[in-house]
Each structure stands twice: as C-alpha cells, then as structure tokens.
Amino acid sequence: MARMALGLVVVAFGARPLAAAEQKIAVVDMQRALNECDAGKRAKDQVKAKFERSQNQLKKQREDLDHLKEDYERKATVLKDEERRNLEKDLESRGLEFKRKYEDFQRDLKETDAELTKSIVEELYELVRDYGEKHGYTLVLEASSGALLYNDKTVDVTDEIVKLHNASPHKEGSKRSSRSLSE
C-alpha cells in the first residue's frame with residue numbers, strides 16, 4: 001500500500017524534486033516585532049503605567065477591606081446579633097464590590113492593550129506584506145502563533161520588520177489610541 005502511494009507521488013510529480021527549491025520563505029515573529037518596535041514599547045509602557053495606577057488603588061481598597069475584616073473578627077464575639085449581621089452584610093457587600101472592581105480592572109487593561117496595539121499590529125502586517133512582495137517571498141509565516149515548529153534563523157526577518165516599522169511614519173490610528181488612554 002505504501003509503495004503504491006509513493007508510486008502515485010512519483011507519477012504525479014515526475015521524478016524531479018517538488019517545487020520547494022523555487023519557493024522563497026520567510027518567518028516573522030509578530031509578537032516579538034510588536035514588543036520590540038518603538039511604538040509597541042510605548043504602548044506597553046502606557047498600559048504598564050495605567051496598570052500600576054489602578055493596581056495601587058485596588059491595593060489600598062484591599063487593605064481597607066482586610067482591616068475591616070480584622071476589626072470584625074476582634075469584635076464579633078461582643079457584638080449584638082443585629083450589629084454582627086449588619087457588619088457581615090457590609091463586609092460581604094464591600095467584598096463583592098472589590099471583586100467587581102478587580103474584574104473591571106482586568107477587562108479594562110485588556111481592552112486598553114488591544115486598543116493601543118491594534119493599529120501597530122495592522123501596520124506590522126502591512127509592512128510584512130510589502131516586505132514579502134518587494135523581496136520576492138512566496139510565503140511569510142508567523143512564528144509566534146504556535147503552529148511553526150522549527151525554522152532556520154536565516155529565514156527570520158523579524159529584525160528587518162522592526163527596523164522598517166521604526167523608520168516608517170505611523171498612521172493616525174496610533175496617535176488616536178494614545179489620546180484615548182488619557183480620557
């Protein structure tokens with residue numbers, strides 16, 4: 001059975017090697033390109049600054065909640081039933097509020113990152129397409145997707161794409177994204 005399949009391949013393509021020698025292939029790690037280009041670094045710095053501001057606010061709220069819990073635990077045995085139930089409800093309410101704020105913070109951070117990097121990623125894809133056409137590549141593969149198991153480093157053009165992006169004028173979308181962060 002295997003011989004028959006091999007025979008079909010030889011018949012279908014003749015005895016000559018497949019057209020792989022005619023192919024020119026490059027690889028780009030888009031995640032690395034995003035992280036290493038100047039605009040990507042600026043976007044990540046903006047996200048990091050926003051993260052740190054929000055994280056400090058959440059940390060203070062968490063500390064306040066922890067102090068209230070400690071106070072409750074110390075006083076719980078001497079409080080009247082109604083006072084204890086009221087404090088328990090208050091703690092539960094504050095705990096849920098903290099959880100909602102934390103989840104909102106996580107969602108907002110992801111949205112901010114996506115908003116700031118979307119136009120940069122689009123520019124990188126356009127540069128890769130133009131670079132591939134200009135340099136006669138048949139195929140340009142994306143390395144950070146997980147589908148690429150191996151590539152020779154000589155076909156990796158990520159550094160060239162980063163240099164091209166840093167040297168190129170950027171579209172208005174990048175500026176719009178940085179303005180919306182401060183809103």
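Here the structure is a predicted model, which is why all the values come from computation and not from measurement.
With rounding to the nearest 0.5 Å, the separation of NZ in Lys153 from OG1 in Thr158 is 8.5 Å. Here Glu88 contributes atom CD and Ser93 contributes atom OG; the two are 13.5 Å apart, rounded to the nearest 0.5 Å. Rounded to the nearest 0.5 Å, atoms CD (Glu73) and NZ (Lys69) are 8.0 Å apart. The OG atom of Ser119 sits 9.5 Å away from the CG atom of Leu124 when rounded to the nearest 0.5 Å. In this structure, the separation between NZ on Lys60 and CG on Asp64 is 4.0 Å, given to the nearest 0.5 Å.
Side-chain atoms of Thr117 come within 3.5 Å of backbone N or O of Asp113 as a donor-acceptor pair.
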- [ ] Mind running salt bridge (charged side-chain N to carboxylate O under 4.0 Å, His left out) on Lys75 and Asp71 for me, showing each step along the way?
- [x] CA-CA 6 Å; Lys75 297 176 184 176; Asp71 286 345; 5.2 Å; no
- [ ] Start with the C-alpha gap between Lys50 and Thr112, add the side-chain angles, then the distance that decides, and say whether side-chain hydrogen bond (donor to acceptor under 3.5 Å, both in side chains) holds.
- [x] CA-CA 9 Å; Lys50 185 173 185 174; Thr112 299; 3.1 Å; yes
TODO: In sequence, state the C-alpha distance, the side-chain angles, and the governing distance for Arg85 and Asp81, and then conclude on side-chain contact (heavy atoms from CB on, under 4.5 Å).
DONE: CA-CA 6 Å; Arg85 279 193 299 271; Asp81 285 344; 3.6 Å; yes
- [ ] Report the C-alpha distance between Phe98 and Leu58 in whole Å, list the side-chain angles of each, state the deciding distance to 0.1 Å, and finish with yes or no for side-chain contact (heavy atoms from CB on, under 4.5 Å).
- [x] CA-CA 8 Å; Phe98 175 80; Leu58 283 171; 4.0 Å; yes
TODO: Report the C-alpha separation of Lys163 and Asn166 in whole Å, then their side-chain angles, then the decisive distance to 0.1 Å, and conclude whether the side-chain contact (heavy atoms from CB on, under 4.5 Å) test is met.
DONE: CA-CA 5 Å; Lys163 288 174 189 170; Asn166 289 344; 5.9 Å; no
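For Tyr72, there are no ring pair (Phe, Tyr, Trp, His ring centres under 6.0 Å) partners, not counting sequence neighbours. In this structure Asn35 satisfies the side chain to side chain contact (heavy atoms under 4.5 Å, CB included) test together with Gln31, Lys44, sequence neighbours excluded. The ring pair (Phe, Tyr, Trp, His ring centres under 6.0 Å) test applied to Phe51 returns Phe105, not counting sequence neighbours. With sequence neighbours excluded, no residue forms a side chain to side chain contact (heavy atoms under 4.5 Å, CB included) with Asn56. Residues satisfying the side chain to side chain donor-acceptor pair (under 3.5 Å) criterion with Glu142, sequence neighbours excluded, are Ser144. Residues satisfying the side chain to side chain donor-acceptor pair (under 3.5 Å) criterion with Asn86, sequence neighbours excluded, are absent altogether. For the side chain to side chain donor-acceptor pair (under 3.5 Å) test, no residue two or more places apart in sequence or in another chain qualifies with Asp38. Under the side chain to side chain contact (heavy atoms under 4.5 Å, CB included) criterion, Glu70 pairs with His67, Arg74, not counting sequence neighbours. Taking the side chain to side chain donor-acceptor pair (under 3.5 Å) definition, one finds that Gln106 meets it with Tyr102, sequence neighbours left out.
A pairwise comparison of heavy atoms in Ile161 and Val28 identifies CG1-CG2, 4.1 Å as the closest pair. The shortest heavy-atom contact between Cys37 and Ile120 is SG-CG2, 3.9 Å. For Leu65 against Gly95, the heavy-atom pair with the smallest separation is CD2-CA, 3.8 Å.
Looking only at side-chain heavy atoms (C-beta outward), Met30 and Tyr125 come within less than 4.5 Å of each other. A heavy-atom distance below 4.5 Å is not found between the side chains of Leu87 and Glu83. Side-chain atoms of Asp66 and Glu63, non-hydrogen and from C-beta on, never get closer than 4.5 Å to each other.
A salt bridge does not link Lys41 to Asp45: none of the charged side-chain nitrogens sits closer than 4.0 Å to a carboxylate oxygen.
Enclosure of atom CD in Glu92 is not indicated, since only 12 or fewer non-hydrogen atoms of other residues, nucleotides or ligands lie within 6.0 angstrom.
Listed by first then second residue, pairs satisfying salt bridge (Lys or Arg N to Asp or Glu O under 4.0 Å) with a partner in residues 25-36 read Arg32-Glu36, Arg32-Asp156, Arg32-Asp159, not counting sequence neighbours.
Through direct or relayed side-chain contacts under 4.5 Å between Ile, Leu, Val, Met, Phe, Trp and Tyr, Val162 connects to no other residue. Residue Val155 shares its hydrophobic cluster (ILVMFWY side chains chained together at separations under 4.5 Å) with Ile25, Val27, Leu139, Leu141, Leu148.
Here the options are Arg94, Lys99, Lys101, the test is salt bridge (charged side-chain N to carboxylate O under 4.0 Å, His left out), and the partner is Glu97; only Lys101 passes.
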